[in-house]
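For reference, the structure discussed in these notes is given below.
Numbering starts at 1 and runs along the sequence shown. Counting starts at 1 for both ligands and their atoms, following the listed order. The structure presented is a predicted model; accordingly, all values stated were derived computationally and were not measured.
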Amino acid sequence: MQRPLNILWQNVRPNSDLYIDIFDVSSHRIHPNVTKEMINQMYREIMASTELHKNNRAANLSREEGKAKFAQDKYFEAMEHFNGSVSFAEPGTEELGLAFANRSSCFFYLNMPDECLVDIELAKRHNYPGSLMRKLDARIVKCTELKADEHFKPGPHDIWEPKLSFNEHKDFAGVADCLKIRKNDEFGRHVITTCDLKIGQTILVENGYSIVPARKNTGRSRCLYCYKACMNFIACKNCMCMIFCNEGCMEKSFHKQECNRPAALSRKETFDLIMRMIFNINADFPDVDALNELVKVLLENKKPPTDLTPSQMNFCSLFQLAHNHEKLSANQLTCLRSATGVTLNVLMQYDEFSLKYRSTAHRRFLQHLILHLFHVAEHAIELFEYGQDGDGERMANYEQRQFARGIYPFGSYINHSCVPNVYWFNVDGRLICKVIRPIKKGEQIFRSYVPGHHSFEQPLELKRELDERYHFKCECFLCTSELWTPLTNEVNLSRDPLYEFGLQPSAMTIKRFRKLTRSEVLSYEKKAIEFLEKYDRFHPVNDTIVMQNNLQIMWNVLASRY
Ligand SMILES: [Zn+2]
Ligand SMILES: [Zn+2]
Ligand SMILES: [Zn+2]
């Protein structure tokens with residue numbers, strides 16, 4: 001099969017500075033099946049789709065769903081529906097006040113009287129019906145009594161605040177200074193450590209360059225700027241948009257650009273991610289020609305100049321992530337060109353782009369930059385929360401739920417292995433990496449691209465996903481050694497007392513685990529780590545995998561409000 005020629009960052013002629021028009025590629029052996037007229041037609045159809053307006057009927061429906069969950073004592077789930085109601089309710093109507101009041105009762109039963117009082121105040125300020133006011137006043141009294149009680153401990157528990165176990169990297173915020181990006185033929189760019197690492201150490205607490213809410217998640221449980229959970233969220237006054245901690249988060253978010261946009265543009269994750277990246281890039285580089293010069297340097301695989309700002313450095317890092325442009329089929333390329341065209345049309349609606357990118361050379365540059373960012377977006381990392389409702393559940397049965405997708409300038413360089421040596425999870429919008437196997441100086445850092453539990457059970461499924469999503473054939477120890485699986489049943493490490501002690505949390509309910517003192521949690525963590533260190537030479541076998549999962553669940557629960 002004849003592969004299409006690479007069109008990304010190609011010049012019209014060898015000695016020209018002008019990039020080719022990716023919508024006119026007849027000279028590139030590609031069928032010119034994406035015409036400007038087709039793209040304009042697609043764009044017109046998208047823009048003609050209805051906007052999502054505030055709607056009290058939807059607000060009431062969502063509130064009824066919330067009440068049903070509330071009746072089952074599922075306060076977190078109930079709050080998500082009440083948050084939905086807050087964002088759907090028409091301004092100036094009592095629906096908004098009712099939604100805040102319902103949410104206040106969730107906070108009350110979650111033992112969060114301060115948040116409860118804030119919501120009661122919000123309800124009173126937003127048309128809460130006077131005839132029901134007695135209920136709210138009674139709740140204020142109860143909150144005050146609760147707070148005055150000497151045995152009162154606010155819930156849900158404190159979130160464990162992640163902290164790097166090392167000094168910070170000089171070029172990358174939130175990255176341990178012992179981590180370095182290296183390049184070789186086998187792995188391309190990858191991350192190694194310059195000192196020995198121990199299990200439990202935190203090597204990454206990185207903020208995302210751009211984060212978008214997951215499409216699956218209706219975005220009703222977290223602030224859409226900082227991604228904190230369980231706050232006194234407010235909603236935009238104009239649109240059915242999702243929620244923010246306060247005006248400050250709303251102001252700093254990308255919402256100004258997205259408010260009241262056509263429904264067809266809403267919640268398309270990759271499109272949103274590209275838009276946010278390109279707005280960030282545009283803000284970081286006021287001069288298009290300077291940006292173009294920098295891109296040329298990066299395309300030649302040279303080191304970027306040293307006088308860049310941290311945010312500009314992040315752009316360089318993202319730009320140099322590996323891409324598979326040459327491996328695309330003609331069909332895949334066609335889809336990418338259409339998507340690039342639509343994105344370009346949308347961007348041209350904004351003055352910051354239409355006025356800045358005026359010349360043909362600049363517009364061609366923008367075409368290629370968008371196309372390039374579609375490849376960068378393949379490196380986006382899914383953000384998960386510990387998504388279990390009801391305190392009675394056992395720790396071992398926890399479930400993860402995706403709430404967002406983000407692009408991380410450093411974390412995205414960590415390669416996959418089915419036998420990873422770091423575990424990654426999220427606190428708010430931050431990407432946290434903790435060491436789960438001893439790593440020697442000079443060794444590569446590996447995480448698993450597939451979140452959640454690890455076992456030997458689904459290697460085929462995993463391989464297919466890696467291949468489809470990342471065009472990647474895993475050649476880790478597990479994928480290349482066929483004899484390993486039978487051996488796992490012969491090694492029995494569970495007679496070691498460390499095993500029993502370290503595993504105790506997985507038999508507890510979440511409620512019980514949350515009530516442990518800090519030193520109790522640390523003692524379980526210590527035994528689990530000791531066990532994993534002692535038997536690392538056997539890993540991966542069932543007993544070490546079980547202990548790794550147990551440790552990861554502990555970290556997840558500590559890092560989550562749910
Ligand atoms: Zn926020
Ligand atoms: Zn809005
Ligand atoms: Zn593998």
Apply side chain to side chain donor-acceptor pair (under 3.5 Å) to His379 and Ser412, showing your working.
CA-CA 6 Å; His379 293 269; Ser412 298; 5.7 Å; no
Pair Gln349-Tyr43, side chain to side chain donor-acceptor pair (under 3.5 Å): steps then yes or no:
CA-CA 12 Å; Gln349 296 300 305; Tyr43 172 72; 2.8 Å; yes
Assess whether salt bridge (Lys or Arg N to Asp or Glu O under 4.0 Å) is satisfied between Glu80 and Arg401, documenting all intermediate values.
CA-CA 14 Å; Glu80 287 183 20; Arg401 180 173 73 161; 2.8 Å; yes
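Take a cut-off of 2.8 Å around the Zn ion (ligand 1): the protein N, O or S atoms inside it are Cys223 SG, Cys226 SG, Cys245 SG, Cys249 SG.
Phe70 and Tyr75 have their aromatic ring centers within a separation under 6.0 angstrom. Taking the six-membered ring for Trp and the full ring otherwise, the centers of Tyr408 and Phe410 sit at least 6.0 Å from each other.
Vertex the Zn ion (ligand 2); arms to His255 atom NE2 and Cys239 atom SG; angle 110° (nearest 10°).
With hydrogens and angles disregarded, no donor-acceptor distance shorter than 3.5 Å links the side chain of Lys252 to the backbone of Tyr225. Judged by distance alone, with hydrogens and angles left aside, the side-chain atoms of Ser317 form a donor-acceptor pair with the main-chain N or O of Pro409 at under 3.5 Å. Using modelled atom types, one side-chain atom of Lys54 and one backbone atom of Cys239 make a donor-acceptor pair closer than 3.5 Å.
Side-chain atoms of Leu383 and Ile211, non-hydrogen and from C-beta on, do get closer than 4.5 Å to each other.
Protein N/O/S atoms closer to the Zn ion (ligand 3) than 2.8 Å number 4 in this structure.
Remark: of the listed residues Gln320, His190, Arg189, Arg189 is the sole one forming a side chain to side chain contact (heavy atoms under 4.5 Å, CB included) with Lys183.
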